[in-house]
Amino acid sequence: MITRFTLLFTLATSVAAGATYELPPLPYGKSGLKPMLGSKTLEIHHDKHHAKYVNTMNSLVEGTNLENQSLEKIVRSSYKKNQALFNNAAQAWNHSFYWKCMKKRGGGEPPAGSKLADAINDSFGSYDEFRKQFSEAANTAFGSGWAWLVCNRKGKLSVCKTIGADNPMVSTSAGIPILTCDVWEHAYYLDYQNLRPNYIDVFLDKLVNWEYVSENLERAMDSGLCAEL
Amino acid sequence: RREILTKGAAIAAAVAVPAAANAYEVPDLLYPFEALEPYIDAPTMKIHHDKHHATYVANINKAMEGKEEVDILDLQLNALEAGPVRNSGGGHYNHAFFWDEMAPPDEAAKSKISSELQAAIDKSFGSFDEMKAKFEAQAAPGAVFGSGWVWVCVSGDELKIVGTPNQDNPLMKGVAEDNMFPILGLDVWEHAYYLKYQNRRPEYVSNWWNVVNWNKVSENFAYVTEKKAGVPVRG
């Protein structure tokens with residue numbers, strides 16, 4: 001006889017063993033970022049694009065030694081070794097990270113005097129200079145890609161851009177990603193069409209979740225670890 | 001002596017004239033924006049042509065300012081040598097090529113594959129349906145990952161299907177094999193289909209066949225086969 005306890009215990013341990021990666025829900029629901037990003041955008045971006053990457057990755061690792069590994073481990077292991085797996089795993093990671101990098105009533109500058117604000121001033125000179133560099137990276141990523149803020153162990157921040165599924169955790173030595181913006185056209189096309197600069201402005205002014213970025217900064221500096229997703 | 005001086009001055013003046021500021025232009029579509037409905041929607045055609053293509057033209061004009069005027073086709077060969085030429089010069093050629101190979105559905109339905117092109121298709125792929133299947137496989141999101149194009153090219157005495165990233169095309173030395181000349185191409189950047197199809201790229205690809213003008217594709221085939229050169233485009 002399987003008691004409810006036994007059943008729950010089995011489920012809990014199978015998840016803890018890292019079976020298949022589960023698509024995380026949107027932190028704010030599909031209507032949560034209106035009017036900056038519409039509910040149709042979030043629904044399709046999350047339920048179709050992100051879900052597909054997750055499902056494809058899961059089916060590609062099934063029966064392999066990566067099956068029970070963390071998402072980050074799969075990303076790192078597949079980089080330059082298995083393009084199809086990397087594309088899907090990295091996109092699964094990138095999107096899980098991207099959702100958390102945004103929030104309702106976000107954007108603007110991090111709180112004055114915070115560790116993050118200080119790091120931005122130390123690394124860029126000012127928030128305005130960070131904003132300028134991040135916007136430029138986001139606007140000039142040609143084709144499909146991502147813009148990133150990364151942090152090294154010493155707390156030095158820098159901006160970079162990547163193409164396709166690439167993620168600075170594998171493709172640069174500049175540091176750990178602490179903020180990202182998706183600039184694949186599917187991220188903004190329904191709401192902004194060709195006007196990517198408008199989307200970037202809205203992202204920076206209204207959406208960035210600086211609390212999450214601060215957590216990522218702390219974690220990167222304390223232990224050199226990426227966000228847990 | 002005066003005559004020589006005048007002639008000399010005239011020649012010097014001619015050589016010194018820089019390239020016209022706007023050497024490249026967005027060619028007008030041969031059909032209205034809504035003409036490819038329901039397979040490609042009017043809003044997409046308008047934004048794709050008036051905004052995306054126009055931006056590539058503006059940027060290639062900027063990149064080529066003060067330089068010798070070069071036909072956009074001829075600019076493709078060495079495009080990999082300069083980022084703006086690769087991205088914006090490629091973007092201009094690719095889109096100019098794309099618009100003219102399409103036609104409204106009823107016109108497309110009446111268009112014919114020439115016997116020479118049909119023979120080449122059968123020889124290289126077995127049949128039209130096999131070519132179509134191979135093309136659709138190359139157009140899948142896993143094959144051209146992110147932004148890019150899919151092409152049918154003449155390569156020697158064969159036809160080949162190739163995918164290229166971003167605004168690269170097979171005419172650019174170093175992108176595909178040498179001496180590959182596109183006769184048919186499909187834009188699979190998300191901006192080409194997102195408003196109507198969103199993530200459903202395979203549906204966009206399979207619907208697109210309904211607006212291919214096989215008369216033009218057959219002309220392209222005849223041209224590249226004879227000249228062993230890329231198809232010229234308007235603009």
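Letters A, B, ... are given to chains in the order of the sequence lines, protein chains preceding strands, and every chain is numbered from 1.
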Next on the checklist: Looking only at heavy atoms and a cut-off of under 4.5 Å, which of B:Arg200, B:Gln198, B:His191 has the most pairs with chain A?
Outcome noted: B:His191
Checklist outcome for this item: Interatomic distance, OH@B:Tyr197 vs CD1@A:Ile44, rounded to 0.5 Å, equals 14.0 Å
Checklist outcome for this item: Turns out that what part of A:Lys52 lies under 4.5 Å from chain B's heavy atoms comes down to neither
Checklist entry - Should we say atom CD1 of A:Ile163 is surrounded by more than 12 heavy atoms from elsewhere, each under 6.0 Å from it? => result no
Checklist entry - Just wondering, are more than 12 heavy atoms of other shown residues or ligands nearer than 6.0 Å to NZ in A:Lys30? => result no
Checklist entry - Do the side chains of B:Lys51 and A:Leu195 get nearer than 4.5 Å, heavy atoms only? => result no
Next on the checklist: With rounding to the nearest 0.5 angstrom, report the NE2 to CG distance, A:His50 to B:Asn199.
Outcome noted: 14.0 Å
Checklist entry - Just wondering, more than 12 heavy atoms not from B:Lys160 lying within 6.0 Å of its NZ? => result yes
Checklist outcome for this item: If one checks every heavy atom of B:Ile47 against chain A at 4.5 Å, the contacting part turns out to be side chain
Item to check | Atom group of A:Tyr53 that falls short of 4.5 Å from chain B, counting heavy atoms | outcome: side chain
Next on the checklist: So for B:His52, is it side chain, backbone, both, or neither that comes closer than 4.5 Å to the heavy atoms of chain A?
Outcome noted: side chain
Checklist entry - Should we say atom CD of A:Glu136 is surrounded by more than 12 heavy atoms from elsewhere, each under 6.0 Å from it? => result no
Checklist entry - Relative to each other, are the rings of B:Tyr56 and A:Phe142 parallel, tilted or perpendicular (30° and 60° limits)? => result perpendicular
Item to check | Top contributor to chain A contacts, counting heavy-atom pairs under 4.5 Å, from B:Pro43, B:Gly146, B:Gly148 | outcome: B:Gly146
Checklist entry - Above 12 or not: heavy atoms from other molecules or residues under 6.0 Å from CD of B:Glu203? => result yes
